[in-house]
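Before any comments, here is the structure.
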Amino acid sequence: MAATKTLLMLENFIGGKFLPSHSYIDSYDPSTGEVYCRVPNSGKEEIEAAVEAARAAFPGWSSRSPQERSQVLHRLADLLELSLEDLAQAESKDQGKTVTLARTMDIPRSVQNFRFFASSILHHTSECTQMDHLGCLHYTVRAPVGIAGLISPWNLPLYLLTWKIAPAIAAGNTVIAKPSEMTSVTAWMMCKLLDKAGVPPGVVNIVFGTGPRVGEALVSHPEVPLISFTGSQPTAERITQLSAPHCKKLSLELGGKNPAIIFEDANLEECVPTTVRSSFANQGEICLCTSRIFVQKSIYSDFLKRFVEATRMWKVGVPSDPSASMGALISKAHLEKVRSYIQKARAEGARVLCGEGVDKLDLPPRNQAGYFMLPTVITDIKDESCCMKEEIFGPVTCVVPFESEEEVIRRANSVKYGLAATVWSGNVGRVHRVAKKLQSGLVWTNCWLIRELNLPFGGMKSSGVGREGAKDSYEFFTEVKTITVKH
Ligand SMILES: NC(=O)c1ccc[n+]([C@@H]2O[C@H](COP(=O)([O-])OP(=O)(O)OC[C@H]3O[C@@H](n4cnc5c(N)ncnc54)[C@H](O)[C@@H]3O)[C@@H](O)[C@H]2O)c1
Ligand SMILES: N/C(=C/C=C\C=O)C(=O)O
């Protein structure tokens, strides 16, 4: 008799308890294409229960001192760190990324998120002014908003969920979080640590399910005055519509079409490997990934040769393989969407220099049905192409030449997104000048993804609304009041 597979069954975490669900959604291992987990298909009923728990917990949690809340966040960080390997293995199996990346980026950053906001919550200051001639003193105070609704995407599941939970509860809010239904496992694992960390029941509630069903129930609930969302623009538009009648506070961290601008005096020994990583890390499924590479004409052919050689060294493999640079994409549908862009590029007469349809992908038999593709480099493509305008969110990058600084700034800014950019040059005046002219919320020069959590993170134009960081998240997750005292 064939062995029956035991599926991992997740449960909502509400009011400090794991609760079974009436119905479930299949969740897949992207490296095999097999169902291995079932996620609650929650709806209004579960959101109502979570609101009740969050409401009940708010007075107690919000009245604790920042110091007391900070200690709880530090304990949670310690417990996550103790579970790092289990969490990394789970994140890799759930999302398709390599275990190495989960172990060295995703989970360490999740730990850091709690540690960072446990510290920053202790150091905020308020404002004060005096009107001596009127005998008045004015000062500001901040208070937690209440129940924070948090919705996170599937690409960096625990990393981005904790980037919202940590500042929200550090400021004294209670939260209802909805991770992506495609990557819910590490959020569920984290719930098992909350009680031991000293997080009171109802402070963190995690409700699993689809966006349209449970996500919209959360966004529409009148007792949830604030939504922090990370995901795609179409979803952000829907969330904005649903929340508008309630005048909810919104933070929207969306997509990007991030340029790398490489001048002729760039250090190619550093630029090439870093730009390969910025193009293909996490299968290109990072909102900050490079997907347009502008190279100054005088070094274009040399750069292209080096970049294609280095891309071919970027190994696609089974996520558990320590030598793999890249794992599987999140879903079959996403894989087909990414492949469709390459087909469109070919139809437009562009050249695919390596990767999809050019090189051979070798995988073990059990992974043949996984959602794998090779990192792909496209050139001879027009700025007007959809591959140069739309977010592909996969291991595909386009390389095109430019002549002048003015030209490349204009072309880099000619898309609806404005999230991140990299600028490569040894001329310090030029990197400052170009960085200031780029329509991006983040500009890295001669590097990529060095994150300063203190400073604002986020995009402009269609890349989002609002910023996240020490001060920015604190201000988002609190309401400010100005008090005047006449003495
Ligand atoms: N700016 C950033 O920091 C950042 C980070 C990661 C991903 N992203 C963007 O996210 C996108 C990919 O992630 P995705 O596919 O998970 O995005 P998505 O918008 O499909 O889903 C994001 C989250 O929203 C939920 N959701 C979907 N429809 C909803 C609705 N109608 N109401 C409420 N919630 C809903 C999903 O269940 C998921 O939890 C890309 O565009 C990427 O650039 C941005
Ligand atoms: N918010 C952040 C997002 C990073 C990558 C998104 O895909 C961060 O780094 O803080």
Side-chain angles (χ1 to χ4, degrees), residues 51 54-74 113 115-150 163-176 200 203 219 221-229 239-240 243-253 418 432 435-436 439 441-442 452-461 463-487:
V51 166
R55 183 198 307 125
F58 180 73
W61 182 248
S62 59
S63 60
R64 289 202 190 181
S65 68
Q67 288 73 12
E68 290 169 316
R69 295 196 294 262
S70 171
Q71 288 165 1
V72 172
L73 269 74
H74 274 305
N113 287 342
R115 292 223 168 100
F116 176 76
F117 286 107
S119 168
S120 68
I121 192 65
L122 304 178
H123 304 293
H124 293 294
T125 57
S126 55
E127 297 147 295
C128 178
T129 62
Q130 294 170 285
M131 284 182 183
D132 290 345
H133 61 294
L134 297 178
C136 287
L137 185 76
H138 312 272
Y139 66 97
T140 60
V141 293
R142 285 188 169 274
V145 178
I147 303 173
L150 313 177
W163 179 240
K164 295 177 187 298
I165 290 180
I169 64 174
N173 298 286
T174 53
V175 306
I176 301 172
V203 171
V219 170
H221 199 288
E223 285 191 62
V224 179
L226 167 152
I227 299 292
S228 173
F229 169 75
I239 288 173
T240 303
S243 61
H246 308 279
C247 284
K248 296 195 179 193
K249 213 174 176 183
L250 292 182
S251 165
L252 304 172
E253 294 291 342
H432 282 286
K436 284 180 185 170
Q439 294 169 0
L442 302 142
E452 164 48 90
L453 306 188
N454 277 298
L455 297 187
F457 176 97
M460 55 183 78
K461 300 189 337 185
S463 289
V465 176
R467 295 292 188 273
E468 297 169 322
K471 183 169 176 286
D472 302 89
S473 296
Y474 178 63
E475 291 182 352
F476 178 70
F477 286 112
T478 56
E479 282 296 351
V480 68
K481 184 183 299 178
T482 298
I483 297 171
T484 296
V485 178
K486 185 163 176 18
H487 44 75

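Position 1 is the first residue of the sequence, and the numbers go up from there.
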(message) Please enumerate all residues that pass side-chain contact (heavy atoms from CB on, under 4.5 Å) together with Lys461, with sequence neighbours excluded.
(response) Gln439
(request) Spell out, as yes or no, whether a donor-acceptor pair under 3.5 Å connects the side chain of Trp61 to the backbone of Ile169. (result) yes
(message) Using only atom types and a distance under 3.5 Å, with no angle test, would you say the side chain of Asn173 pairs donor to acceptor with the backbone of Ile147?
(response) no
(request) State whether the side chain of Arg69 and the backbone N or O of Ala118 hold a donor-acceptor pair below 3.5 Å, judged by distance alone. (result) no
(message) Return the SG to NE2 distance between Cys136 and His487, rounded to the nearest 0.5 Å.
(response) 6.5 Å
(message) Just verifying a value: how many Å separate Glu223 CD and His246 NE2, rounded to the nearest 0.5 Å?
(response) 11.0 Å
(request) With side chain to side chain contact (heavy atoms under 4.5 Å, CB included) as the test, would you mind laying out the steps for Lys164 and Glu468 before giving the verdict? (result) CA-CA 9 Å; Lys164 295 177 187 298; Glu468 297 169 322; 3.3 Å; yes
(message) What I'd like to find out is whether the side chain of Lys486 reaches to under 4.5 Å of the side chain of Met131, using heavy atoms alone.
(response) no
(message) According to ring-ring contact (aromatic ring centres under 6.0 Å, His included), who are the partners of Phe117, at least two apart in sequence or on a separate chain?
(response) Trp163
(request) Output all residues satisfying salt bridge (charged side-chain N to carboxylate O under 4.0 Å, His left out) with Lys471, sequence neighbours left out; order by chain, then residue number. (result) Glu475
(request) Report the C-alpha separation of Phe477 and Ser228 in whole Å, then their side-chain angles, then the decisive distance to 0.1 Å, and conclude whether the side chain to side chain contact (heavy atoms under 4.5 Å, CB included) test is met. (result) CA-CA 9 Å; Phe477 286 112; Ser228 173; 4.1 Å; yes
(request) Check Leu137 against Cys128 and note the closest heavy-atom contact, atom names and distance. (result) CD1-SG, 3.6 Å
(message) Nearest 0.5 angstrom please: Glu253 CD to Ser463 OG, how far?
(response) 9.0 Å
(request) Indicate the atoms forming the closest heavy-atom contact of Val224 with Lys248, along with that distance. (result) O-NZ, 2.7 Å
(request) Report, as yes or no, whether the 6.0 Å neighbourhood of atom CD on Glu452 holds more than 12 heavy atoms from other residues, nucleotides or ligands. (result) yes
(message) Testing the basics here: between Ala170 and Ile121, what is the closest heavy-atom pair and its distance to 0.1 Å?
(response) O-CG1, 3.3 Å
(message) Using the rule side chain to side chain contact (heavy atoms under 4.5 Å, CB included), only one of Leu150, Leu73, Val203 pairs with Ile165; which is it?
(response) Leu150
(request) Considering non-hydrogen atoms only, spot the tightest contact between Leu226 and Phe476 and give its length. (result) CD1-O, 3.2 Å
(message) Minimum heavy-atom separation for Val175 and Ala168, please, with both atom names.
(response) CG1-CB, 3.6 Å
(message) For Arg64 versus Glu68, what's the shortest heavy-atom pair and its separation?
(response) CA-OE1, 3.4 Å
(message) Just verifying a value: how many Å separate Arg142 CZ and Thr478 OG1, rounded to the nearest 0.5 Å?
(response) 4.0 Å
(request) Tell me, please, which residues at least two apart from Ser119 pass side-chain contact (heavy atoms from CB on, under 4.5 Å). (result) His123
(request) Output every pair passing side chain to side chain donor-acceptor pair (under 3.5 Å) with a member in residues 129-139, not counting sequence neighbours, ordered by first then second residue. (result) His138-Thr484
(request) Could you grab the distance from atom CZ of Phe116 to atom CG of Leu453, nearest 0.5 Å is fine? (result) 5.0 Å
(message) Treating Ser63 as the side-chain partner and Gly60 as the backbone partner, does any N or O pair qualify as donor plus acceptor under 3.5 Å?
(response) yes
(message) I want to check something: taking the side chain as every heavy atom from C-beta on, are Leu250 and Val465 in contact at a cut-off of under 4.5 Å?
(response) no
(request) Rounded to the nearest 0.5 Å, what's the gap from OG1 on Thr174 to CZ on Arg55? Could you check? (result) 10.0 Å
(message) Counting C-beta onward and ignoring hydrogens, is there a side-chain heavy-atom pair between Val141 and Ser126 closer than 4.5 Å?
(response) no
(request) Mind checking ring-ring contact (aromatic ring centres under 6.0 Å, His included) for Tyr474 and listing every partner two or more places apart, or none if nothing turns up? (result) His124
